[in-house]
Undergrad: 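Submitted below is the structure of interest, expressed as structure tokens.
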There are 2 protein chains.
Amino acid sequence: MAAVGRLAGVSQVTVSRALSDPSKVSPETLARIREAIEVTGFVPNAIAGALASRRSMLVTALVPSITNIVYATMVKAFSNRMREHGYQFLLSETGFDPEEEERIIATVLSRRPDAMLLTGIHHTAQARKMLLGADIPVVEVWDITDSPVDLCVGFSHAETGRAVAEYAVAKGHRRAGTVTAGDARALRRKEAFSRRFTELGGTVLAEIDHDGPATLARGREGLARLIDMAGFAGGFVHCSSDVLAHGVVIEAHARGIDVPGTVAVSGFGDQDFAAQIEPPITTVRVDRDVLGRSAAEAVLARIGKRPDVPTVTDVGFEIITRGTA
Amino acid sequence: MAAVGRLAGVSQVTVSRALSDPSKVSPETLARIREAIEVTGFVPNAIAGALASRRSMLVTALVPSITNIVYATMVKAFSNRMREHGYQFLLSETGFDPEEEERIIATVLSRRPDAMLLTGIHHTAQARKMLLGADIPVVEVWDITDSPVDLCVGFSHAETGRAVAEYAVAKGHRRAGTVTAGDARALRRKEAFSRRFTELGGTVLAEIDHDGPATLARGREGLARLIDMAGFAGGFVHCSSDVLAHGVVIEAHARGIDVPGTVAVSGFGDQDFAAQIEPPITTVRVDRDVLGRSAAEAVLARIGKRPDVPTVTDVGFEIITRGTA
DNA sequence: CTGTTAGCGCTTTCAA
DNA sequence: TTGAAAGCGCTAACAG
């Protein structure tokens, strides 16, 4: 920056000002500085800037998996909105282990981000302490709680499960099975489904739970086990994701089982393919764009010290009725 | 750090040393420092550290789309390997516009990353200049060239197109159509397919090109337009991705067209679902794990100043024969 | 509108 | 094994 200044015949500070707020510099000097920057190929050092200003202009997001499209679209909406406000975006993957998340929070905080997005509401005590100590806006998403670390934007997983149970019963189903994979939130959806379905007089014959990511293969295997091992002869199958539901549909077709006649299936997520396959999947839709954007708005409001920041935002969900149930 | 030192009865420098290289500090002081850190909840400031040491321990990756699973898995392999070596990971989305990429490269470089991963080999002249000027390892992936900015790990898109054409002809096809969506690389695959298919005596009746991302809807629409507008009555359909191929299969089923009897279909990417749907998709597989890991190895070798760094690595590809062609 | 002076919180170097 | 001093390349005050 000093070199640029020398070339433009001004001091280093003036170059700094020309970059951060051009209106503070006369048009002529600005032009000379711009030219000098062009000539030297100068790229400002944001690290030094961050250290001096105590603002990193960096926001970080922690997600369980960067290859999961559900988180990716949400995070995309969040980062787009933040980028509009000049923030850069640091993405980290935490896996599904709170201890691992804690370690990652520590290293991420060492970069002094100006705000942080976390997926989920369950963190270790030490993690909460560090987050509070960082004194930055923190938004927890994809779940909901009355006692967030700071801000929370999400929806109730248990409610989605109950809503699907009520839907199934309303459609006349009295027997059900479940196929679940993924994280603790998927399990909570399933448990709420099973409880409510039972409350309403139905019977849950079997629950197939997988550790790890939802795959088509696990969906197929899920229905296979329901039928072959639990004697599931027909009814409603609650799947914790659209991918699993798709797998169940594929397996049903392979076995010549009618969907939704004999086996009805519900998914979760309303992914791109859910509406396109045959039959299209009945599912639970959460507006991930709105979720990501709301999270960004909440953070921006807090950064801007706006007083009207809602601490907890429930973005809700919607059951999308299609062909499988 | 000074506060921690005071509490432990040592100077600030000693705390720094305890953190960066514990063996340089006596066991007793180390213990006292550790305790002081615990008590104060001290989190080191990596920004200050980066400024002083001129190493940010940050690597950045630029991808066209963070929601595209194909890039996500590659980037995951890359970041995992880099993380093992203590690097943090900054992910940015460039879209498909080189100008936009140039802007993003500039802001990203201002964070002084220690290395950089770029998707693709086509960048603006200004971008190349900035990258060279940054004087850090740069690895271009997901394509291949003899003249990379620095390092290159990928495969030839044109070769995949030609290989599929040869496969189609070997299977006895003489008429073909194409359905393409996405970036310039998808177009290059298609063009190579069409040229080679024609060279080998076949006829390409129509090429359906979509701007923007590949979706099932666009795949379905692709076959519909091939049939309804181009009079495609049967033959081989080259799709630039598995998602499009899946859409073509769905549309074929909806119209009662036999796959692969009347319409044969090839995809690209070998995504999770390709092997699972009915019929399973014949596709081109690129090992994205190997690609991401190789990119990381190349970067690490260069950072470690190892002399044996191969500048260009071709990870190749493989045609996976399944049910659709 | 522009410049001067002090740091930001670390690491590096050199001495003790 | 420990400490003192000197920056890293910027921004934030405050003057002029």
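Just so it is clear: chains get the letters A, B, ... in the order the sequence lines come, proteins before strands, and each one is counted from 1.
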Undergrad: Does the side chain of S26(A) pick up a donor-acceptor pair with the side chain of T29(A) at under 3.5 Å?
TA: yes
Undergrad: Measure the distance from CZ on R112(A) to P on dC8(C) and round it to the nearest whole Å.
TA: 14 Å
Undergrad: Do the side chain of E140(B) and the main chain of V149(B) share a donor and acceptor less than 3.5 angstrom apart?
TA: yes
Undergrad: When the nearest nucleotide of DNA chain D is assigned to L30(B) and to A48(B) on a heavy-atom basis, which residue is associated with the more 5' position?
TA: L30(B)
Undergrad: So, does S53(A) get its side chain near the phosphate of dC8(C), meaning an N or O under 4.0 Å from OP1 or OP2?
TA: no
Undergrad: Quickly work out the D21(A) CG to dC10(D) C1' distance and round it to whole Å.
TA: 16 Å
Undergrad: Is there a donor-acceptor pair closer than 3.5 Å between any side-chain N or O of D183(A) and the backbone N or O of A186(A)?
TA: yes
Undergrad: Which whole-number value in Å describes the distance from L51(B) CG to dT11(C) C1'?
TA: 10 Å
Undergrad: Kindly say if T14(A) contacts the phosphate of dT2(C), meaning a side-chain N or O under 4.0 Å from OP1 or OP2.
TA: no
Undergrad: Quickly work out the K24(A) NZ to dC14(D) C1' distance and round it to whole Å.
TA: 12 Å
Undergrad: Answer yes or no: does a side-chain N or O of R54(A) lie under 4.0 Å from OP1 or OP2 of dG7(C)?
TA: no
Undergrad: Which residues satisfy the side-chain contact (heavy atoms from CB on, under 4.5 Å) test with D114(B), sequence neighbours excluded?
TA: R55(B), S56(B), M57(B), Y87(B)
Undergrad: If you look at every strand shown and take non-hydrogen atoms under 4.0 Å, does R55(B) touch a base, only sugar-phosphate, or nothing?
TA: sugar-phosphate
Undergrad: Output yes when R306(A) and D308(A) qualify as a salt bridge under the 4.0 Å nitrogen-oxygen rule, no when they do not.
TA: no
Undergrad: In whole angstrom, give the distance that lies between atom CD1 of I33(B) and atom P of dT2(D).
TA: 7 Å
Undergrad: Scan V13(B) against the nucleic acid and name what it touches under 4.0 Å (heavy atoms): base, sugar-phosphate only, or nothing.
TA: base
Undergrad: Does T29(B) make a side-chain N or O approach to OP1 or OP2 of dT1(D) shorter than 4.0 Å?
TA: no
Undergrad: Rounded to whole angstroms, how far apart are CE on M57(B) and C1' on dC10(C)?
TA: 15 Å
Undergrad: Would you state whether a donor and an acceptor, one from the side chain of R17(B) and one from the base of dG3(D), lie under 3.5 Å apart?
TA: yes
Undergrad: Just how far, in rounded Å, is P of dC8(C) from CD1 of I47(A)?
TA: 18 Å
Undergrad: What is the distance, rounded to the nearest whole Å, between atom CG of L19(B) and atom P of dG9(C)?
TA: 16 Å
Undergrad: Looking at dG7(D), dC8(C), dG3(C), which one has an atom nearest to any side-chain atom of A52(A)?
TA: dC8(C)
Undergrad: Quick one: label S20(A) by what it contacts on the DNA or RNA (base, sugar-phosphate, nothing), any heavy atom closer than 4.0 Å.
TA: nothing
Undergrad: Nearest heavy atom decides the nucleotide; on that basis, is Q12(A) or S23(A) closer to the 5' end of DNA chain C?
TA: S23(A)
